[in-house]
Amino acid sequence: MDEAELIQRFQNDRDLSAAEALLTGYENRLYQYLYRVLGHRQDAEDALSETFGKALRGLEKYEERCQFKSWIFRIAHHEAINVIRRRERVVVQEEPAKILEESGAGGGVGGEARFLERLMTKERLEQLRRAIPRLPVAEREVLLLRMKSELSFKEIAEVTDSPLNTVLGRMHNAKKRLRELILEQEAEEIRV
């Protein structure tokens, strides 16, 4: 059953299973977006819960002026902003699981090359993981909505209630700033 049918079943028959099926389809993507914006598991879970509560209350009046995906991400976007405002503190990224749990032993020369390649990729991902929370909130949101939630720029404009050109500019600035932050990290690592 597609989203439009699930929405109609909920609006016409107050079918909670239809609403649950609709919302559950977005749970992982919304959580990932909220976690990346907020940088804290509990805050992301709380914001997701609030997002679903507001979506459920608003679903009976939902009109198809925009895609459902944009509509629900917009609710999540506003919840993330609310959490950031309530915090009044710096967003701190939770510690990730150890990056290197594997060893290069027993792989021979080819195994060592593959290990070094994986290590370099993991290091680059670690640099990105450290740099993204340092972006200004508006740029970070556009980047995460585009890369992790796979929204189009038009959908991101709807979610953030921003003009399309502003969204495109934020993405451009985010990529430029990420490059600068990664170069800073690399320079710091060389100095140490």
So, taking the atom named CZ in Arg29 and the one named CG in Leu34, what distance separates them when rounded to the nearest 0.5 Å?
13.0 Å
To the nearest 0.5 Å, what is the distance between CD on Glu139 and CE on Met171?
10.5 Å
To the nearest 0.5 Å, what is the distance between CD on Glu158 and CZ on Phe153?
14.0 Å
Would you indicate whether the side-chain heavy atoms of Tyr35 and His40 approach each other to under 4.5 Å?
no
Before giving the answer on side chain to side chain contact (heavy atoms under 4.5 Å, CB included), spell out for Phe73 and Ile156 the whole-Å C-alpha distance, their side-chain angles and the decisive distance to 0.1 Å.
CA-CA 9 Å; Phe73 269 93; Ile156 294 169; over 6 Å; no
I'd like to know if Phe52 and Tyr62 are part of one continuous hydrophobic network [Ile/Leu/Val/Met/Phe/Trp/Tyr, side-chain heavy atoms within less than 4.5 Å].
yes
pair Val142-Leu145: side-chain heavy atoms closer than 4.5 Å:
no
Ser17 side chain reached by Arg9 side chain, heavy atoms, under 4.5 Å:
yes
Flag side-chain contact, heavy atom, 4.5 Å: Arg41 against Tyr31:
yes
Is there a donor-acceptor contact under 3.5 Å linking the side chains of Arg146 and Ser152?
no
Is there side-chain contact between Leu181 and Leu135, with at least one heavy-atom pair below 4.5 Å?
yes
Show the nearest heavy-atom pair for residues Glu60 and Phe10, with the distance to one decimal.
N-CE2, 3.8 Å
Would you check if the side chain of Glu155 reaches a backbone N or O of Trp71 as a donor-acceptor pair within less than 3.5 Å?
no
Do Asn28 and Gln32 pair up side chain to side chain, a donor and an acceptor below 3.5 Å, judged on atom types alone?
no
Separation of Arg177 CZ from Ile132 CD1 (nearest 0.5 Å)
13.5 Å
Does the ring center of Phe68 lie less than 6.0 Å from the ring center of Tyr26?
yes
Heavy atoms of other groups near Glu20 CD, more than 12 under 6.0 Å
no
Audit row: Val37, Ile84, side chain to side chain contact (heavy atoms under 4.5 Å, CB included) steps and yes/no:
CA-CA 9 Å; Val37 169; Ile84 290 169; 4.1 Å; yes
Minimum heavy-atom distance between Pro133 and Arg140, given as atom pair plus value
O-NH1, 2.8 Å
For the residue pair Val159 and Arg74, what are the closest heavy atoms and their distance?
O-CG, 3.0 Å
Measuring only between side-chain heavy atoms, which start at C-beta, is Leu178 closer than 4.5 Å to Arg134?
no
Contact summary for Ala47 and Val83, nearest pair of heavy atoms:
CB-CG2, 4.2 Å
What is the distance from atom CG of Leu59 to atom CZ of Arg14, rounded to the nearest 0.5 Å?
9.0 Å
Kindly indicate whether the side chain of Arg170, heavy atoms from C-beta on, has any atom under 4.5 Å from the side chain of Pro136.
no
So, do Leu183 and Glu180 sit near enough that their side-chain heavy atoms are less than 4.5 Å apart?
no
Donor-acceptor contact present, side-chain Asp13 to main-chain Asp15, <3.5 Å:
no
Gap between atom CG of Leu16 and atom CG of Leu22 - 0.5 Å precision
12.0 Å
Compare every heavy atom of Val167 with every heavy atom of Ala157, then report the nearest pair and how far apart it is.
CA-CG2, 3.6 Å
For Leu48 versus Glu27, what's the shortest heavy-atom pair and its separation?
CD2-CG, 4.0 Å
